[in-house]
Amino acid sequence: MARLVSLVEYYCFNIICVTLLLLTSVEASVLEEKSSTSTSAFFIFGDSSVDPGNNNYINTIPENQANYKPYGQNGFFQRPTGRFSDGRVIVDFIAEYAKLPLIPPFFEPSADCTNGANFASGGAGVLPETNQGMVIDLPTQLKNFEVVQKSLIEKLGEAEAEKVISEAVYLISIGSNDYMGGYLGNPKMQETYNYQTYIGMVIGNLTQTIQVLYKKGGRKFGFLSLTPLGCLPALRALNPKASEEGGCFEAASALALAHNNALKTVLTSLEQIFKGFKYCYSNFYNWLDDRINHPSKYGFKDGINACCGYGPYGGIFTCGGTKEVKEYELCENAEDYVWWDSFHPTEKIHEQFAKALWNGEPEPEPVGSYNLQRLFFDKEKLTIADIVDDAPQPHHFLQ
């Protein structure tokens, strides 16, 4: 009898050891599979830098729309979609890397928002006064997110909807229009506020939006910093001191740089204050500035002129011939250019920046505490205890 008990103990011990080895292997494969296949929803707020076509559905001026040729000419889409590019924009590449379908515009009829939604609007600003009545401003974009949130609760149930919201990545790319048209192009605003106060207003309203999204369950954020605005072909063409400043409108670039520095300070504070707040921050200012000044380093031939436009630098915003001035010129190969039109970069720039944000390299500047890949795919890790709880127990082998 004692011998029988010893044999049972011996076999049980070996079974347990084998089981644990198998479970360790299972854990590794599960974690690997979880990391490579389990992604997050994607919600996008912003301006023309990330607008996928929301402005197609609102009453606005031609300058705020891009649903006509030659926009989208490179063939990825069958027709112009409303993206201010020769093809895709940065969020399209990010969705691809995150193994998501293209994220639909919020206003697209019958849009499926299970994987996220894009609320961006060309011409929009952080402040509701920017291009008021002609765009979907940031406060309204936030209200549209609330509509999607309610629809997810109705479709998935409250618990599953909360999970989608909490695990989602929220990307925000907005602010340029507040400084170009909202301040520099608005003498009354300049008389009312000095530039420090105005920047404080923009950053304050942007911070409030982040806080609202956090309160609703958002924890993972991506931010696209402002580019050197004064070096856009449109602002080069308007620069009264072009010969003195090398072409770029330095007052506009200085506002962008001050905005970026203020936003970085806010994000650092939010990371300390808000539990679980994670973010990826780009340094688009330096990244684009280097491509403007050294285009050949990145596969471009021209970092100054627009592929599609008219006049000095292609800076008169006539691309497509739908605006007051009908005449425009179009380059032969958009891939040679940093700038697609008077205000917006080419798809090639969007792709390069998407890769940098996704991997956190090879750009020299850091992208915040996380790269986008980690924000989309990092989830709570399964432990060996989690898997053992669901595995057959050793006593099953003795029955």
Side-chain angles (χ1 to χ4, degrees), residues 42-51 54 90-91 106 117-132 135-146 168-186 189 192-229 252-274 276-285 357 367-370 372 375:
F42 192 19
F43 295 104
I44 301 148
F45 303 81
D47 53 27
S48 58
S49 60
V50 290
D51 182 1
N54 277 307
I90 188 168
V91 291
F106 169 75
N118 190 326
F119 307 98
S121 170
V126 175
L127 303 178
E129 294 82 6
T130 300
N131 293 323
Q132 193 165 27
V135 298
I136 310 159
D137 57 51
L138 186 58
T140 304
Q141 292 181 33
L142 193 56
K143 291 178 182 177
N144 292 338
F145 170 74
E146 292 172 354
V169 174
Y170 299 81
L171 186 134
I172 301 175
S173 176
I174 197 166
S176 297
N177 295 303
D178 294 293
Y179 298 109
M180 289 189 294
Y183 192 72
L184 291 175
N186 189 338
M189 195 67 78
T192 307
Y193 304 103
N194 62 38
Y195 77 90
Q196 295 100 326
T197 302
Y198 187 81
I199 291 171
M201 289 166 53
V202 174
I203 292 296
N205 279 266
L206 182 54
T207 304
Q208 187 176 18
T209 298
I210 298 167
Q211 290 173 321
V212 170
L213 289 171
Y214 180 89
K215 187 175 180 180
K216 291 182 178 297
R219 293 295 181 269
K220 300 184 290 185
F221 294 83
F223 299 92
L224 309 190
S225 71
L226 302 189
T227 60
L229 296 177
S253 294
L255 284 172
L257 194 57
H259 171 97
N260 292 342
N261 290 335
L263 180 56
K264 281 193 290 186
T265 300
V266 167
L267 294 177
T268 301
S269 298
L270 292 179
E271 189 176 31
Q272 301 298 320
I273 296 169
F274 289 157
F277 180 85
K278 302 175 182 178
Y279 72 93
C280 171
Y281 178 79
S282 68
N283 192 343
F284 278 11
Y285 190 101
L357 281 175
V367 294
S369 302
Y370 295 82
L372 282 180
L375 289 184

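Just so we're clear, the structure is a prediction, and the values are computed from it rather than from any experiment. Hydrogens, waters and symmetry mates are skipped; everything else that's a heavy atom, side chains included, is used.
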Under the side chain to side chain contact (heavy atoms under 4.5 Å, CB included) test, residues paired with N54 that sit two or more places apart: D51, P52, P105, F106, F107, N118, I136
With sequence neighbours left out, the residues meeting salt bridge (Lys or Arg N to Asp or Glu O under 4.0 Å) with E129 are none
Give the table of side-chain donor-acceptor pairs shorter than 3.5 Å for residues 202-213, with sequence neighbours excluded, one pair per line with atom names and distance.
from : atom 1 : to   : atom 2 : distance (Å)
N205 : ND2    : M201 : O      : 2.8
T207 : OG1    : I203 : O      : 2.7
T209 : OG1    : N205 : O      : 3.2

In Å and rounded to the nearest 0.5 Å, what is the CD to CZ distance from Q141 to F145? 12.5 Å
At what distance, to the nearest 0.5 angstrom, does CG of N260 lie from CG of N283? 7.0 Å
With a distance cut-off below 6.0 Å to the six-membered ring centre and an angular limit of 45° from the axis, does R219 pair with F277 as a cation-pi contact? no
Taking all non-hydrogen atoms of both residues, which atom of S253 and which atom of P228 are closest, and how far apart? OG-C, 3.6 Å
Using a 3.5 Å distance criterion without hydrogens, assess whether the side chain of N177 forms a donor-acceptor pair with backbone atoms of A124. yes
Before you tell me yes or no, could you show the steps for L357 and L224 under side chain to side chain contact (heavy atoms under 4.5 Å, CB included), namely the whole-Å CA-CA distance, both residues' side-chain angles and the distance that decides it to 0.1 Å? CA-CA 9 Å; L357 281 175; L224 309 190; 3.4 Å; yes
Rounded to the nearest 0.5 Å, how far apart are CG of L171 and CZ of F43? 13.0 Å
Can you name the closest pair of heavy atoms from Y370 and C280 and give their distance? O-CB, 3.2 Å
Is the backbone of F223 close enough, under 3.5 Å, to the side chain of Y279 for a donor and an acceptor to pair up by distance? no
Can you measure from CD1 (I174) to CD1 (I44) and round to the nearest 0.5 angstrom? 13.0 Å
Between S282 (side chain) and S225 (backbone), is there a donor-acceptor pair under 3.5 Å? yes
Between CD1 of I172 and CZ of F221, what distance do you get to the nearest 0.5 Å? 6.5 Å
Suppose we screen for side chain to side chain donor-acceptor pair (under 3.5 Å). Which residues come up paired with Y170, at least two apart in sequence or across chains? none
So does I199 get a backbone contact from the side chain of Y183, meaning a donor-acceptor N/O pair under 3.5 Å? no
K264: which residues meet the salt bridge (Lys or Arg N to Asp or Glu O under 4.0 Å) condition with it, sequence neighbours left out? none
With F284 via ring-ring contact (aromatic ring centres under 6.0 Å, His included) - residues at least two apart: W287, F353
Taking atom OH as the centre, does Y195 end up with more than 12 heavy-atom neighbours from other residues, nucleotides or ligands that are less than 6.0 angstrom away? no
Would you say T227 and L229 make side-chain contact, with heavy atoms under 4.5 Å? yes
All heavy atoms of V50 vs all of A120, minimum pair found to be CG2-CB, 3.6 Å
Does N144 reach the main-chain N or O of F119 with its side chain, forming a donor-acceptor pair under 3.5 Å? no
For T130 and Y198, which heavy atoms make the closest approach, and how far apart are they? OG1-OH, 4.2 Å
